[in-house]
Every structure is written in C-alpha cells, then in structure tokens.
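Single-structure report; data block below.
Values below: every heavy atom of this structure, side chains too, minus hydrogens, waters and symmetry copies. Here, residue 1 is the first one in the sequence, and each next residue gets the next number.
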Amino acid sequence: NLLGIMSKSSNPKIINISSIYGSCAPRKEIYLKTKINSILAYAVSKSALLNLTRYLAVYWAKSNVRVNTLVIAGVDNNQEEEFMNAYCGRIPVGRMAKEDEYNGAIIFLSSKASNYMTGHNLVIDGGWTSI
C-alpha cells in the first residue's frame, strides 16, 4: 500500500500537479479561433486533484506524509500564434511559463522546508487567478 511505502521514507512527500483550470473555469474565448480544444474531462480531473490532496493530507498527516498540489498555468511549447496571443493577453505577466520555472516550487515542496505544509495548493500562474 502507498502509505506503507511512503512512511518508510525519511521525508515522505506527495506533490500532485494540477492546473489553473482545476481552480477556475476555462476562458473559452481563448480557444475559439484555434485548433486547441479545452475539454471538460481535463478541468474535472484537475479540480479532483485539489480535493484528493486535501483528503490525503488530512488522512495521512499523523503518519508524517505531506501532500500538496502545485497548480500551474500554461507552459510555452511553441503553440500556434493565435492561441499564444489570446492566452498571454490574459496573463498579467504577459507570457506563459518557461519549462523550468516550476522547478523551484517542486524543490521546495519536496524538501524539508515544507515539512509543516500539507493540504495546500501552491499556485504559480503568472497572476492568472488574480484577475
């Protein structure tokens, strides 16, 4: 069982990766003129991760297993120009994340620096959910 495996670790951590679309509804206007489709199943699965995190965090807290979620926005991966313009126009910092910009959060969540943190959703989204 997973708890048995995790409890053998000296610093047991679970980091779930979710999306801004787990926290808020997709902005359909971003996708209207693109070939990219924002599907319901994606948003439902990402929001389910947030509650799974809270559930496991409480359930396994006394076993010293820490469970948190990293909630991210889009990553620049040479998406089509029309989509990039619409998406980046919605983000306060004006761009998508670079592929390495979530590394610091993952290092923090997996380190002893986050030992007192469990059940949290750490949002790194360029300000998307601020507006």
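In this structure, the separation between OG on Ser111 and CD1 on Ile106 is 12.0 Å, given to the nearest 0.5 Å. Rounding to the nearest 0.5 Å places CG of Leu50 at 11.0 Å from NE2 of His120. Note that OG1 of Thr69 is 9.5 Å distant from CG of Leu122, once rounded to the nearest 0.5 Å. Atom CD1 in Ile5 sits 9.5 Å away from atom CG in Leu3 (nearest 0.5 Å). Atom CG of Asn51 sits about 11.5 Å away from atom CG of Asn16, to the nearest 0.5 Å. The OG atom of Ser19 sits 9.0 Å away from atom CH2 of Trp128, with the distance rounded to the nearest 0.5 Å.
The shortest distance between side-chain heavy atoms of Asp125 and Ile72 does not fall below 4.5 Å. By the 4.5 Å heavy-atom criterion applied to side chains, Ser23 and Asn121 are not counted as neighbours. In this structure, the side chains of Arg90 and Ile30 come closer than 4.5 Å at one or more pairs of heavy atoms. Side-chain atoms of Trp60 and Ile14, non-hydrogen and from C-beta on, do get closer than 4.5 Å to each other. Val67 is listed as a side-chain neighbour of Val65, based on a closest heavy-atom distance under 4.5 Å. The side-chain heavy atoms of Tyr102 and Val75, taken from C-beta on, include a pair separated by under 4.5 Å. Contact annotation: the side chain of Leu52 never approaches that of Arg54 to less than 4.5 Å [non-hydrogen atoms, C-beta and beyond]. Taking 4.5 Å as the limit, every side-chain heavy atom of Asn64 sits out of range of all side-chain heavy atoms of Met6.
When all heavy atoms of Met117 and Leu109 are compared, the closest pair comes out as CE-CD2, 3.7 Å. Minimum interatomic distance between Ala105 and Ile124 (heavy atoms only, all atoms of both residues): CB-CD1, 3.3 Å. Of all heavy-atom pairs spanning Ser47 and Gly22, the tightest one is CB-O, 3.2 Å.
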Which donor-acceptor pairs under 3.5 Å do the side chains of residues 82-89 make with protein atoms, sequence neighbours left out?
unit_1, atom_1, unit_2, atom_2, d
Asn85, ND2, Glu81, O, 3.4
Tyr87, OH, Gly74, N, 2.8

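There is a path of hydrophobic side-chain contacts, each under 4.5 Å, that joins Ile91 to Tyr21. Criterion: ILVMFWY side-chain heavy atoms under 4.5 Å apart, direct or through other members. Under it, Leu49 and Ile20 are not part of a common hydrophobic cluster. Hydrophobic clustering (side-chain heavy atoms under 4.5 Å, transitive across Ile, Leu, Val, Met, Phe, Trp, Tyr) groups Tyr31 together with Tyr42. Note on Tyr55 and Val58: separate hydrophobic clusters, where clusters join Ile, Leu, Val, Met, Phe, Trp and Tyr whose side-chain heavy atoms are under 4.5 Å apart, directly or indirectly. Residues Val71 and Ile17 do not share a hydrophobic cluster, defined by chaining ILVMFWY side chains whose heavy atoms lie under 4.5 Å apart.
Applying the ring-ring contact (aromatic ring centres under 6.0 Å, His included) test to Phe108 and every residue at least two apart in sequence or in another chain returns nothing. For the side chain to side chain contact (heavy atoms under 4.5 Å, CB included) test, residues two or more places apart in sequence or in another chain that qualify with Arg95 are Val93, Lys98, Glu101.
With a 6.0 Å radius and a threshold of 12 heavy atoms from other residues, nucleotides or ligands, Glu99 has its CD atom at or below the threshold.
Listed for the Asn77 side chain is no donor-acceptor partner under 3.5 Å among the backbone atoms of Gln79.
In summary, the side chains of Lys13 and Asn68 do not present any donor paired with an acceptor at a separation below 3.5 Å, with no hydrogens or angles considered.
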